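Quick note on labels: first sequence line is chain A, next is B, and so on, each numbered from 1. These numbers were taken from a predicted model, which means no experiment stands behind them. As a basis for the values below, the full set of heavy atoms in this structure was taken, side chains included, without hydrogen atoms, waters or symmetry mates.
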Number of protein chains: 2
Amino acid sequence: MNIKFLYKLLRNLGSKTFEKGEIIIDEADKINNVFYIRKGLVRSYLINEKGEEITFQLFAERQIFGNVHTILFNEPSKFTFETLENTKVYFTDLKTFQDLSTSNSDFLKIDNAIFGRQILKQAFQRIDSFVFLSPEKRYQQYLKDYPNIISRVPDKYIANVLGVTPVSLSRIRKRISKKN
Amino acid sequence: MNIKFLYKLLRNLGSKTFEKGEIIIDEADKINNVFYIRKGLVRSYLINEKGEEITFQLFAERQIFGNVHTILFNEPSKFTFETLENTKVYFTDLKTFQDLSTSNSDFLKIDNAIFGRQILKQAFQRIDSFVFLSPEKRYQQYLKDYPNIISRVPDKYIANVLGVTPVSLSRIRKRISKKN
DNA sequence: CTCATTTATTATCTTTTGTTAACGAGTATT
DNA sequence: AATACTCGTTAACAAAAGATAATAAATGAG
């Protein structure tokens with residue numbers, strides 16, 4: 001990859017720092033930005049019909065996130081993205097990204113590489129874990145895949161991400177610790 | 001979208017017909033093709049450590065599928081793709097697709113539109129269904145989203161896709177029918 | 001059509017999960 | 001320091017799911 005394009009990419013990136021507890025993208029926002037987490041922790045969640053907050057995903061250092069509903073479908077965001085720690089992100093918006101991509105095939109590669117790949121890879125891994133793994137195994141895989149996240153967030157968020165209740169996750173943890 | 005590009009796209013598409021029960025992509029193949037189902041039914045599956053076939057996904061008319069592991073990561077396919085009916089597909093490979101995309105921004109749009117979008121959309125919908133829905137609701141949503149599939153495949157495949165056992169799916173069906 | 005195979009259902013039993021509520025530990029607030 | 005909150009754990013019970021096996025229904029092959 002050409003160094004010139006790296007510079008061009010960097011010139012087109014913004015950076016921003018959020019305090020713990022700030023909202024980066026609110027539900028119903030139509031924000032096209034693509035974010036890269038330099039430092040910090042972000043969770044996406046929604047409020048279900050019972051009024052409960054359900055955490056959909058957690059993002060930490062070196063992860064990319066964005067409002068998929070707007071980026072892909074031009075619809076308002078289904079999730080709220082909130083920082084759980086003071087967080088520094090780099091960001092650009094999809095338009096810039098695409099302009100760079102179309103004018104330059106190296107950028108297309110970056111686009112595909114960063115964008116499609118990481119997000120699709122995570123998505124497929126996650127579906128895998130639901131189809132092939134029991135909740136217990138799923139938790140253990142999450143521990144392995146995201147060791148930098150689990151110790152920094154409440155278990156109830158993890159429970160949501162794994163598709164189980166917090167009470168059930170607590171029991172899973174107990175079962176696992178008994179085995180060791 | 002320009003009609004010229006449509007012609008160009010069509011010239012770069014192959015078409016092929018498979019008998020019921022044929023393998024389109026075998027596990028460990030490194031096939032880059034992107035397939036569009038004109039008519040028929042395809043399932044992807046793998047054989048787990050217990051020797052059981054686990055169905056990962058089902059595809060029918062107007063759906064796109066491909067070997068994500070090779071396309072995105074240049075790794076051998078994790079799944080086998082097998083036809084469950086006589087099936088006609090259109091296909092191209094990613095290289096052709098990307099050549100078209102880079103030389104022409106309309107193609108890029110098609111690329112993004114067809115490729116990223118449909119696959120990512122399906123992936124996210126599916127994760128949603130695991131995080132937010134009970135197995136019973138998940139089954140009902142699958143019925144709604146893929147009415148053209150359920151009546152054409154054995155329930156045990158659907159069970160795998162939904163992440164439950166065939167026995168459990170049978171009970172779910174009974175519970176639902178009792179309520180009506 | 002008949003027989004063999006596959007698939008779906010049902011039953012039984014065990015395990016896990018959901019739900020709700022209670023409790024205690026730890027934080028935060030005032 | 002006292003109070004209120006949040007969070008994780010535990011308990012108790014009901015509901016659901018997994019495992020296994022038996023049976024019924026459907027499908028396919030000859």
Side-chain angles (χ1 to χ4, degrees), chain A residues 19-22 41 43 45 47-55 58 80 82-86 129-143 149-180, chain B residues 19-22 41 43 45 47-55 58 80 82-86 129-143 149-180:
Chain A
E19 301 272 307
K20 173 180 176 176
E22 279 194 81
L41 201 48
R43 79 165 176 136
Y45 68 92
I47 294 175
N48 70 10
E49 65 294 340
K50 294 179 190 166
E52 305 156 330
E53 276 186 9
I54 308 290
T55 298
L58 297 162
T80 299
E82 166 202 65
T83 59
L84 298 180
E85 300 175 355
N86 294 345
S129 77
F130 284 113
V131 172
F132 299 118
L133 303 181
S134 64
E136 184 171 325
K137 296 279 183 193
R138 192 151 68 242
Y139 173 65
Q140 290 177 307
Q141 186 183 296
Y142 195 86
L143 291 184
I149 289 185
I150 35 115
S151 54
R152 292 156 68 185
V153 305
D155 273 1
K156 60 177 187 170
Y157 295 162
I158 308 278
N160 289 161
V161 171
L162 299 176
V164 299
T165 62
V167 177
S168 187
L169 179 57
S170 176
R171 287 186 288 226
I172 288 170
R173 286 159 54 85
K174 190 178 183 182
R175 276 204 304 275
I176 291 174
S177 69
K178 270 189 182 171
K179 290 175 187 170
N180 308 345
Chain B
E19 299 274 307
K20 173 181 176 176
E22 281 193 81
L41 202 48
R43 79 164 176 138
Y45 69 92
I47 295 175
N48 69 10
E49 64 295 338
K50 294 178 190 166
E52 305 157 332
E53 274 186 11
I54 308 291
T55 298
L58 297 163
T80 299
E82 167 202 65
T83 59
L84 298 180
E85 299 176 353
N86 296 343
S129 77
F130 284 111
V131 173
F132 299 117
L133 303 180
S134 65
E136 184 170 325
K137 296 278 183 194
R138 192 151 67 241
Y139 173 66
Q140 289 177 309
Q141 185 184 296
Y142 195 87
L143 291 184
I149 289 185
I150 34 114
S151 53
R152 292 156 68 185
V153 305
D155 274 1
K156 59 176 187 169
Y157 296 162
I158 309 279
N160 289 162
V161 171
L162 298 176
V164 299
T165 62
V167 177
S168 186
L169 179 58
S170 176
R171 287 187 288 227
I172 287 170
R173 285 158 55 85
K174 190 177 184 182
R175 275 204 307 273
I176 291 174
S177 70
K178 269 189 182 172
K179 290 176 186 169
N180 308 345

Please produce a list of atom pairs where a protein N or O lies less than 3.5 Å from an N or O of nucleotides 24-30 of chain D.
none

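- A:Tyr142 and A:Val161 make their closest contact through CE1-CG1, 3.9 Å (heavy atoms, listed as atom of the first residue, atom of the second, distance).
- Rounded to whole angstrom, the span from the OH atom of B:Tyr139 across to the C1' atom of D:dA17 amounts to 17 Å.
- A:Leu143 CG to A:Ile150 CD1: the interatomic distance, rounded to the nearest 0.5 Å, is 5.5 Å.
- For A:Pro154, whose side chain is taken as the heavy atoms from C-beta onward, the closest listed nucleotide among D:dG18, D:dA17, D:dG8 is D:dG8.
- Within the 3.5 Å criterion, the main-chain N or O of A:Glu22 finds a donor-acceptor partner in the side chain of A:Thr83.
- When side chains are defined from C-beta on, A:Asn48 does not count as touching B:Phe132, because their heavy atoms never get closer than 4.5 Å.
- Residues of residues 166-175 of chain A that place a heavy atom closer than 4.0 Å to DNA chain D, in numerical order, are A:Val167, A:Ser170, A:Arg171, A:Arg173, A:Lys174.
- Counting all heavy atoms, side chain and backbone alike, A:Ile47 lies closest to A:Glu53 at CG1-CG, 4.0 Å.
- With a cutoff of under 4.0 Å to any heavy atom of chain B, the contacted region of DNA chain C is bounded 5' to 3' by C:dT7 to C:dT12.
- Using modelled atom types, no side-chain atom of A:Ser168 and backbone atom of A:Thr165 make a donor-acceptor pair closer than 3.5 Å.
- Side-chain N or O atoms of A:Asn86 include one that pairs as donor or acceptor with a backbone N or O of A:Lys20 at under 3.5 Å.
- Residue order along DNA chain C, read from the 5' end via each residue's closest nucleotide, puts B:Val153 first among A:Ser134 and B:Val153.
- When side chains are defined from C-beta on, B:Leu58 counts as touching B:Ile158, because their heavy atoms get closer than 4.5 Å.
- Between A:Arg43 and A:Glu82, at least one side-chain N (NZ, or NE/NH1/NH2) sits under 4.0 Å from a carboxylate O, which counts as a salt bridge.
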